[in-house]
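Worksheet for the structure shown next.
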2 protein chains.
Amino acid sequence: MTQIDLSPKTCANCPIRPRAICSRCTADELLELDKIKYYKTYPAGASVVLMGDPMTFVASVVSGVATLSRSMIDGRMQMVGLLLPSDFIGRPGRDKASYDVTAVSELTLCHFHKKPFEKVTHATPHVQERLVEIALDELDAAREWMLLLGRKTAREKIASFLLICARRLGRKEGESLHLELPLTRDAMSDYLGLTIETVSRQMAALKRDGVLLLEGTRKVTIPDFSRLLDEAGDDSDGATLS
Amino acid sequence: MTQIDLSPKTCANCPIRPRAICSRCTADELLELDKIKYYKTYPAGASVVLMGDPMTFVASVVSGVATLSRSMIDGRMQMVGLLLPSDFIGRPGRDKASYDVTAVSELTLCHFHKKPFEKVTHATPHVQERLVEIALDELDAAREWMLLLGRKTAREKIASFLLICARRLGRKEGESLHLELPLTRDAMSDYLGLTIETVSRQMAALKRDGVLLLEGTRKVTIPDFSRLLDEAGDDSDGATLS
DNA sequence: TTGAGAACTTGATCAGGATCAAGGTTTGCT
DNA sequence: AGCAAACCTTGATCCTGATCAAGTTCTCAA
């Protein structure tokens, strides 16, 4: 019988997400999933799927960054989700993609063919439960984003974006916090419902006001996290760093 | 053994949504659900739950209209969901409300205590599957809304809102389509990320341009549905009326 | 029927962010 | 190293939708 690969890497690639589920999956289930998985790497800028495409797989992000977006006929577009390592891609029970999925940096995905994946997970309530949880997490993020898009000023939008990045990508170092932005200014504008010029100007303004330090264009240092929280205008109990 | 009430009303009140699921629920499951359900009516304007409140129930809308919203400390608020009859309220597996839920008109809900509800549904994959589906539907709606909030003009926002209402509440009558708006101008502005004045002006403009007819302030007639589709700037294959 | 409050409309002015335009930096390829 | 392309910044101007300010029309209860 084949040895099941339970190294951290494999575990992180379980499309039902890291630890939480793996700890509840039986060896048989893991073996089944192992048989149907395959890795694929996309260059920066590549399209993973287009809206309306048949979705024949689910996947999880191993490394790199991807975005979900919707666009209008005239070219206006809005990013509706940001996918970082360990995030899940796919719509159990749905046949067609509802958004464009694009690799923003070089992107490696761990794919699972959808049919066999669904067969494995279909009758296992703990996996279904995890899928509900994933969907609700995404829903919360989307609704948080609706507040941002509908009601926040440009400056607050930028601060909120930095906050999200800081929570997921930041590493603390004494009082201050370092992170590398996963998106270009252009992609940020798509995410925030702004133009690239406004993003650039507001970044400059936050720097001028000492909310952040910039090294080059992507490396950000936040000297005072609570200051950033204020700027984001956030209601949520986000005083803690995850 | 008590007679299980399978009248349309009860079926429509199954929080896992009407027919689709009930047809797959066993008699025992339905009986269990029946035991733990209770109805409650809220006057217009009443708060059903506030963000952060412990959620001790799930429910479905029997009649009336409710809204989900998030607000900022300074009072700015954004509606993040609209609940019409047959819609589901609740977050399986979550303890606290993530949004405010407010009755917009007189609202009747069919409640289920959460603990026993989860006990009934916990080990039944077909219910879990349905819950995934519900969550994904809401996610699609939220992301569609993100495009609206981030990229559409005021006029397009109004048209899109009318479109949504038309799809769910409209009744056809020859070429044209009648509907009664479920929200006040004020609530519309909260939904669309606009001010009440802008909503009023754009409604007037659409009327002036013959996209809609108004009888009083809530009764709308759409003489040409495809015209409305154009105005909404929608990409989706919405040529059909559900 | 009348009156009070809520809901809605309309107008004038203002401002935040978009648009247009030009120049500067970084990155990666040969 | 040198060049082109992509990426980013900054400035000037414009325009959509916000804000401020009256009015008008509904709704409903006494």
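Residue numbers begin at 1 in each chain, while the letters A, B, ... track the order of the sequences. Not measured: the values here are computed from a predicted model. All values below come from the heavy atoms of this structure, side chains included, with hydrogens, waters and symmetry mates left out.
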All side chain to side chain contact (heavy atoms under 4.5 Å, CB included) counterparts of [X], not counting sequence neighbours:
X: K96(B); value: none
X: V104(B); value: V65(B), T67(B), L183(B)
X: L179(A); value: C165(A), A166(A), L177(A), L181(A), V220(A), I222(A)
X: Q202(B); value: A154(B), R155(B), I158(B), T198(B), A205(B)

Shortest non-hydrogen contact from R143(B) toward V80(A):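 Residues R143(B) and V80(A), closest heavy atoms: NE-O, 3.4 Å.
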Of all heavy-atom pairs between E133(A) and R94(B), which one has the smallest distance, and what is that distance?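 In terms of heavy atoms, the two residues are closest at O-NH2, 3.5 Å.
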So L229(B) and L163(B), do their side chains get closer than 4.5 Å, heavy atoms only?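 When only atoms from C-beta onward are counted, L229(B) and L163(B) do touch, with a gap below 4.5 Å.
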Of the options T41(A), L109(A), T108(A), which is the one that meets V62(A) in a side chain to side chain contact (heavy atoms under 4.5 Å, CB included)?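 For V62(A), the side chain to side chain contact (heavy atoms under 4.5 Å, CB included) check succeeds only for T108(A).
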Mind checking ring-ring contact (aromatic ring centres under 6.0 Å, His included) for [X] and listing every partner two or more places apart, or none if nothing turns up?
X: Y42(A); value: none
X: H178(B); value: none
X: Y99(B); value: none

Would you list the protein and nucleotides 20-23 of chain D atom pairs, both N or O, that sit under 3.5 Å from each other?
from: dC20(D); atom 1: N4; to: E197(B); atom 2: OE2; distance (Å): 3.1

Please report the distance, rounded to the nearest Å, between [atom1] in [X] and [atom2] in [N].
X: M188(A); N: dC7(D); atom1: CE; atom2: P; answer: 15 Å
X: L183(B); N: dA7(C); atom1: CG; atom2: P; answer: 13 Å
X: I196(B); N: dA6(C); atom1: CD1; atom2: P; answer: 13 Å
X: R185(A); N: dG24(C); atom1: CZ; atom2: P; answer: 19 Å
X: D186(A); N: dA18(C); atom1: CG; atom2: C1'; answer: 15 Å
X: L149(A); N: dG16(C); atom1: CG; atom2: C1'; answer: 16 Å
X: L194(B); N: dT9(C); atom1: CG; atom2: C1'; answer: 16 Å

Under the salt bridge (charged side-chain N to carboxylate O under 4.0 Å, His left out) criterion, do E138(A) and R91(A) qualify, and how do the steps go? CA-CA 12 Å; E138(A) 291 193 49; R91(A) 308 167 57 69; over 6 Å; no
What is the nucleic acid contact for G45(A), judged by heavy atoms within less than 4.0 Å: base, sugar-phosphate only, or nothing?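 Answer is nothing: G45(A) stays at 4.0 Å or more from every strand.
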For S200(B), answer base if it contacts any base atom (sugar-phosphate contacts may also be present), sugar-phosphate if it contacts only those atoms, and nothing otherwise; contact means non-hydrogen atoms under 4.0 Å.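 Contact class for S200(B): base.
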Let me test you: for the helix from dT1(C)-dA30(D) to dT30(C)-dA1(D), what is the angle between the axes at its two ends (five pairs each), rounded to 10 degrees?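 For the helix from dT1(C)-dA30(D) to dT30(C)-dA1(D), the axes at either end differ by 50°.
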Return the 5'-most residue of the pair T198(A), V199(B) with respect to DNA chain D, ranking by each residue's nearest nucleotide.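 Its nearest nucleotide lies further toward 5', so the answer is T198(A).
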Listed in order of residue number, which residues of residues 151-165 of chain A have a non-hydrogen atom at under 4.0 Å from DNA chain C?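 Of all residues in residues 151-165 of chain A, the ones placing a heavy atom under 4.0 Å from DNA chain C are T153(A), A154(A).
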Within residues 202-220 of chain B, find the residues that approach DNA chain C with a heavy atom at under 4.0 Å, and present them sorted by residue number.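 Output list: A204(B), T217(B), R218(B).
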At under 4.0 Å, does any side-chain N or O of T184(A) touch on OP1 or OP2 of dC7(D)?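 Checking T184(A) against dC7(D): no side-chain N or O falls below 4.0 Å of OP1 or OP2.
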Got a sec, which pairs hit side-chain hydrogen bond (donor to acceptor under 3.5 Å, both in side chains) with one end in residues 179-189 of chain B, sequence neighbours left out?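 Residue pairs with at least one partner in residues 179-189 of chain B: R185(B)-T217(B).
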I would like to know whether E215(A) and T221(A) meet side chain to side chain contact (heavy atoms under 4.5 Å, CB included); could you show each step before the answer? CA-CA 8 Å; E215(A) 185 186 332; T221(A) 301; 5.6 Å; no
